[in-house]
Amino acid sequence: MTTIYVGNLPFSATEDEVRGIFERYGKVESVKLINDRETGRPRGFGFVEMPASDAQSAIQQTNGFQMGGRPLRVNEAQERAPRPKGPGGGGGGGPRRW
DNA sequence: GTTGAGCGC
């Protein structure tokens, strides 16, 4: 299973909407939209968990997909849990793909 | 009654 970062989401977007989009390109394991923990205000990005085979296809298909008038930013997500041995790398730190 | 970077407890 691969974790996918989904950004540039409209504040009016919901997890059900994002899941519906990704389910068209593969099996969606889980969807979580991130909102500000302190203020509760939506940050406009979230995460989608999918199988690796479906994730690679879904990323390319959903990247730039207009949702609510905004093109979605889809990319492979970083690891949420930091490793005590050292920091991770790659993925989100790379060049932007248009 | 608002806003816009980008990586979640």
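Each chain gets a letter, A, B and so on, in the order the sequences are listed, and its residues count up from 1.
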_Using the side-chain heavy atoms of A:Arg70, tell me which of these nucleotides is nearest: B:dC9, B:dG4, B:dC7._
B:dG4
*From B:dG4, B:dG8, B:dC7, pick the nucleotide closest to the side chain of A:Glu49?*
B:dG8
*Which residues, if any, of residues 31-45 of chain A bring a heavy atom under 4.0 Å of DNA chain B?*
A:Ile34, A:Arg41, A:Arg43, A:Gly44, A:Phe45
*Find out if a path of hydrophobic residues (ILVMFWY) with successive side-chain heavy-atom gaps under 4.5 Å connects A:Ile34 to A:Val6.*
no
*asked:* I'd like to check A:Phe22 versus A:Asp54 (side-chain heavy atoms, cut-off strictly below 4.5 Å). Are they in contact?
replied: no
*asked:* Could you tell me if the side chain of A:Pro71 sits less than 4.5 Å from the side chain of A:Asn8, heavy atoms only?
replied: yes
*asked:* So A:Leu9, base contact, sugar-phosphate only, or nothing? Heavy-atom distance under 4.0 Å.
replied: base
_Would you say that A:Ile4 contacts A:Glu49 through its side chain, given a criterion of any heavy-atom pair below 4.5 Å between the two side chains?_
no
*Taking the six-membered ring for Trp, are A:Phe47 and A:Tyr5 parallel (under 30°), tilted (30 to 60°) or perpendicular (over 60°)?*
perpendicular
*May I ask you to test the A:Met50-A:Val48 pair for a side-chain heavy-atom distance under 4.5 Å?*
yes
_Atom pair distance, as rounded to whole Å: CD1 in A:Ile59 and P in B:dG6_ = 20 Å
_Below 4.0 angstrom, which residues in residues 21-30 of chain A have at least one non-hydrogen atom near DNA chain B?_
none
_Apply the syn/anti split at 90° from 0 to B:dG4 and say which one it is._
anti
*asked:* Measure CG/A:Asn8 against P/B:dA5 and give the value in whole Å, please.
replied: 9 Å
*Quick one: are A:Leu72 and A:Gln66 in side-chain contact, heavy atoms under 4.5 Å?*
no
*asked:* Within the 4.5 Å heavy-atom criterion, are A:Arg19 and A:Thr14 side-chain neighbours or not?
replied: no
*Any Lys/Arg nitrogen of A:Arg43 or A:Asp36 sitting under 4.0 Å from an Asp/Glu carboxylate oxygen of the other?*
yes
*Between atom CZ in A:Phe11 and atom C1' in B:dT3, what is the gap in whole Å?*
5 Å
*Calculate the interatomic distance between A:Phe47 atom CZ and B:dC9 atom P; express it in whole Å.*
9 Å
*Where the side chain of A:Ala77 is concerned, which of B:dG4, B:dC7, B:dG6 is the nearest nucleotide?*
B:dC7
_Side chain of A:Tyr5 only, heavy atoms from C-beta on: which candidate in B:dG4, B:dG8, B:dG6 is closest?_
B:dG6
